Amino acid sequence: MKYAIFDLDGTIVDSMSYWRGFAKEFIIANNLDPKGEYDNFTDINWSEKLCEYLNITYGIKITPKDIYDWGLKYIMEKYRDDVEWKPGAKQLLDNLKSQGVKMCICSSTDRYLMEPVLDKYNLHNYFEFTQHCRAFGKEKREPDIFIDCMNRLGAKQPSEVVVFEDALYSAKTAKDTGFYVVGMYDSTEKKTDILKEIADQYVTDYSQLDYTKLP
């Protein structure tokens, strides 16, 4: 194994529950009664979608910037104070780093947002670079961002690269593009049965990873 692309949230660190929960936290913080579906505002347009939801559901006038600013502060504090490693993640990164594997992070989270957790766990030391959907201009539902990461790492073809993901949609994109996929369990992914089927390996703890099967 020479190359690896890692998602961050739910794959390296156990942070997805905070992303899924921040909308409810915002509602409670503003003395509103939490109701309805508010756990799916996690893509690059989350502030606009949540703003629309609040306007329709509660009839309050609030701007996407108000929500965005609150969400940034909330998530960055959680990264700094509460977010922990996924099981076995540090040991995995240490092992791969010692073997000279070139690695990067490919995330839907903006770089400046994840800085607190990058600093907290010295993640800068493991990765050649970080790539981000908003900056790149495309989400991980399309293969372009994975191909860009592959090229920047120096790999010639997807089959040389292991992609570590917890989310079905991005794992499927990587698998369909020809990458070797390791699926990581996360409680926020509701279709783990399908993720298990499409992943080349599926783990709940990286100590379960079979290194002999990696490309």
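Index from 1, following the sequence. Computed over heavy atoms, backbone and side chain alike; hydrogens, waters and symmetry mates excluded. Given the structure is predicted, the values throughout are model-derived calculations rather than measurements.
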* **Side-chain cluster (under 4.5 Å, hydrophobic types only) that Ile28 belongs to, other residues** =>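 For Ile28, no cluster forms, as it stays isolated from other hydrophobic side chains.
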
Report, as yes or no, whether the 6.0 Å neighbourhood of atom [atom1] on [X] holds more than 12 heavy atoms from other residues, nucleotides or ligands.
| X | atom1 | value |
| --- | --- | --- |
| Lys97 | NZ | yes |
| Lys213 | NZ | no |
| Glu52 | CD | no |

* **Counterpart residues, side-chain contact (heavy atoms from CB on, under 4.5 Å), relative to Met1 (two or more places apart)** =>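 Per chain and number, Met1 pairs via side-chain contact (heavy atoms from CB on, under 4.5 Å) with Ala4, Leu96, Val101, Val162, Phe164, Leu214.
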
* State which residues pass side-chain hydrogen bond (donor to acceptor under 3.5 Å, both in side chains) with Glu189; sequence neighbours excluded, sorted by chain then number. =>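 If we apply the side-chain hydrogen bond (donor to acceptor under 3.5 Å, both in side chains) test to Glu189, skipping adjacent residues, there are no hits.
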
* Asked: With sequence neighbours excluded, what pairs up with Gln208 under the side-chain hydrogen bond (donor to acceptor under 3.5 Å, both in side chains) test?
  ->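 For Gln208 the side-chain hydrogen bond (donor to acceptor under 3.5 Å, both in side chains) partners, ignoring immediate neighbours, are Thr204.
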
Is the backbone N or O of [Y] less than 3.5 Å from a side-chain atom of [X], with the two atoms forming a donor-acceptor pair by type?
| X | Y | value |
| --- | --- | --- |
| Ser170 | Ala167 | yes |
| Asp66 | Ile62 | no |
| Asn30 | Leu32 | no |

Just to verify, what does [X] make a salt bridge (charged side-chain N to carboxylate O under 4.0 Å, His left out) with, not counting sequence neighbours?
| X | result |
| --- | --- |
| Lys175 | Asp200 |
| Arg111 | Glu115 |
| Asp205 | none |
| Asp69 | Lys65 |

Checking [X] now: which residues fulfil ring pair (Phe, Tyr, Trp, His ring centres under 6.0 Å) with it, not counting sequence neighbours?
| X | result |
| --- | --- |
| Tyr68 | Trp46 |
| Tyr74 | Trp70 |
| Tyr185 | none |

Side-chain atoms of residues 142-151: list all donor-acceptor pairs with protein atoms under 3.5 Å, sequence neighbours left out, distances to 0.1 Å.
from: Asp144; atom 1: OD2; to: Lys138; atom 2: NZ; distance (Å): 3.0
from: Asp148; atom 1: OD2; to: Gln131; atom 2: NE2; distance (Å): 2.7
from: Asn151; atom 1: ND2; to: Ile147; atom 2: O; distance (Å): 3.3

* What do the steps show when you test Lys140 against Glu165 for salt bridge (charged side-chain N to carboxylate O under 4.0 Å, His left out), and what is the final call? -> CA-CA 11 Å; Lys140 290 190 278 185; Glu165 279 282 358; 2.8 Å; yes

* Check whether any side-chain heavy atom of Thr109 lies under 4.5 Å from a side-chain heavy atom of Asp9, and answer yes or no. =>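 The answer is yes, as the side chains (C-beta and beyond) meet within the 4.5 Å cut-off.
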
* Can you spot which of Leu118, Leu72, Leu8 makes a side chain to side chain contact (heavy atoms under 4.5 Å, CB included) with Leu113? =>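 Running side chain to side chain contact (heavy atoms under 4.5 Å, CB included) over Leu118, Leu72, Leu8 with Leu113 returns exactly one hit, Leu72.
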
* To do: Inspect the contact between Lys86 and Asp186 and indicate whether a charged nitrogen and a carboxylate oxygen are less than 4.0 angstrom apart.
  =>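 Looking at Lys86 together with Asp186, the answer is yes, because their closest N to O distance falls below 4.0 Å.
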
* **Nearest non-hydrogen partners of Ala174 and Val163, listed with the distance** =>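 For Ala174 and Val163, the tightest heavy-atom pair comes out as CB-CG1, 3.9 Å.
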
